[in-house]
Amino acid sequence: MTRRRRIYEGKAKVLFEGPEPGTLVQYFKDDATAFNNQKKGVITGKGVLNNRISEYLMSRLSEIGVPTHFMRRLNMREQLVREVEIIPIEVVVRNVAAGSLSRRFGIPEGTPLPRSIIEYYYKSDELNDPMVSEEHITAFGWAGPQDLDDMVALSLRVNDYLSGLFLGIGLKLVDFKLEFGRLWENEEMRIVLADEISPDNCRLWDVKTNEKLDKDRFRQDLGRVEEAYQEVARRLGILPEGGPSDVKGPKTIQ
Ligand code: C5P
């Protein structure tokens, strides 16, 4: 393998310099972390599955006019993406009470919310990703009012589209986290969807049984973690050929 410049290493992904200026290679690891790195583990085959799941979802979103950083999948664990300037805000959209919302407000998990709720978190491991308001975001200059408007509008479109897509395969989109970046083309700047969309950053429950098919299986030690990711890919019709045994895939970097 040719040596490539490593631009950034996160908990679940590595970004390498891409083949052309303005591109990056996004490599999906099997590493899993939770509770801001306090819990660590490996979910075998997760990187391969998330690469495919994110490719699929970003491609469908692109078809309905949601701009994304995704260009194309390169191999089992890597995809080519546009280089963007990441906005240091995590946008969480919630449809059903779960996780930190349930804990914060004492609302039982599974309670449908009266309407979709958007929350913002400032991306900072040192500060434990604190929840922030629009006031903090604009006052501290993490994003401008227009950027925020674009992020909210895109998040709601993503929520509507993905809620329907997942419902069609018997999954409830409980909540999810999105990240956005600034993309410059000529002199113009656009806000585009970045990072990934996968069971690592979505809560997905079986519509009939409420079985959790996402990273909560790892966070809460529910077991059958690999199987949950495979089941999401299977229902989306994108489980790698050869079935689960093919999922470990080639490890192109170490
Ligand atoms: O933990 P919490 O309930 O706030 O998570 C809301 C949603 O955002 C979940 O789908 C979770 O997977 C996702 N999330 C994430 N990365 C974080 C925090 C939350 O993907 N750092």
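Please read all numbers here as calculations on a predicted model, not as lab measurements. Each ligand, and each atom within it, is numbered from 1 in the order the structure gives.
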Considering only the protein, which heavy-atom contact is closest to [atom], and what is its distance?
atom	answer
atom 12 (O) of ligand 1	Arg219 NH2, 2.9 Å
atom 20 (O) of ligand 1	Asn201 CB, 2.9 Å
atom 4 (O) of ligand 1	Ser100 OG, 2.6 Å
atom 6 (C) of ligand 1	Arg203 NH1, 3.5 Å
atom 15 (C) of ligand 1	Lys177 CE, 3.5 Å
atom 9 (C) of ligand 1	Asp175 OD1, 3.2 Å

Completion exercise
side-chain contact (heavy atoms from CB on, under 4.5 Å) test vs Asn95 passes for just one of Val174, Asn159, Asp175, namely Asn159
Problem - Residue from Ile118, Ile89, Val92, Ile197 passing side-chain contact (heavy atoms from CB on, under 4.5 Å) with Leu178 - result: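 Going through the options one by one, the only one that passes is Ile197.
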Practice task
Kindly say whether Asp31 contributes a backbone atom to a donor-acceptor pair with the side chain of Lys46 at under 3.5 angstrom?
Solution key: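 Confirmed, Lys46 side chain pairs with Asp31 backbone.
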Ring-face cation of [X] near [Y] (centre distance under 6.0 Å, axis angle within 45°):
X	Y	result
Arg77	Phe28	no
Lys39	Phe218	yes
Arg60	Tyr56	yes

Practice task
Say whether Arg103, considering both its backbone and side-chain N or O atoms, lies within less than 3.5 Å of an N or O atom on ligand 1.
Solution key: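 In this structure, Arg103 places no N or O atom under 3.5 Å from an N or O of ligand 1.
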Handout entry: Residue part near ligand 1, for Arg94, under 4.0 Å between non-hydrogen atoms
Key = side chain
Problem - Ser100 side chain to Arg94 side chain, donor-acceptor N/O pair below 3.5 angstrom - result: yes
Exercise for the section: Give a yes-or-no answer on whether the side chains of Asn51 and Tyr27 include a donor-acceptor pair shorter than 3.5 Å. Expected result: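 Note: Asn51 and Tyr27 side chains miss the donor-acceptor criterion.
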Problem - Leu154 and Pro67, any side-chain heavy atoms less than 4.5 Å apart - result: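 When only atoms from C-beta onward are counted, Leu154 and Pro67 do touch, with a gap below 4.5 Å.
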Which atoms from ligand 1 have a heavy atom of [X] less than 4.0 Å away?
X	result
Glu90	17 (C), 18 (C), 21 (N)
Asp200	12 (O), 20 (O)
Asp129	21 (N)
Gly99	3 (O)
Val92	6 (C), 8 (O)

Exercise for the section: Look at ligand 1 and say whether Lys123 reaches it with a heavy atom at a distance under 4.0 Å. Expected result: no
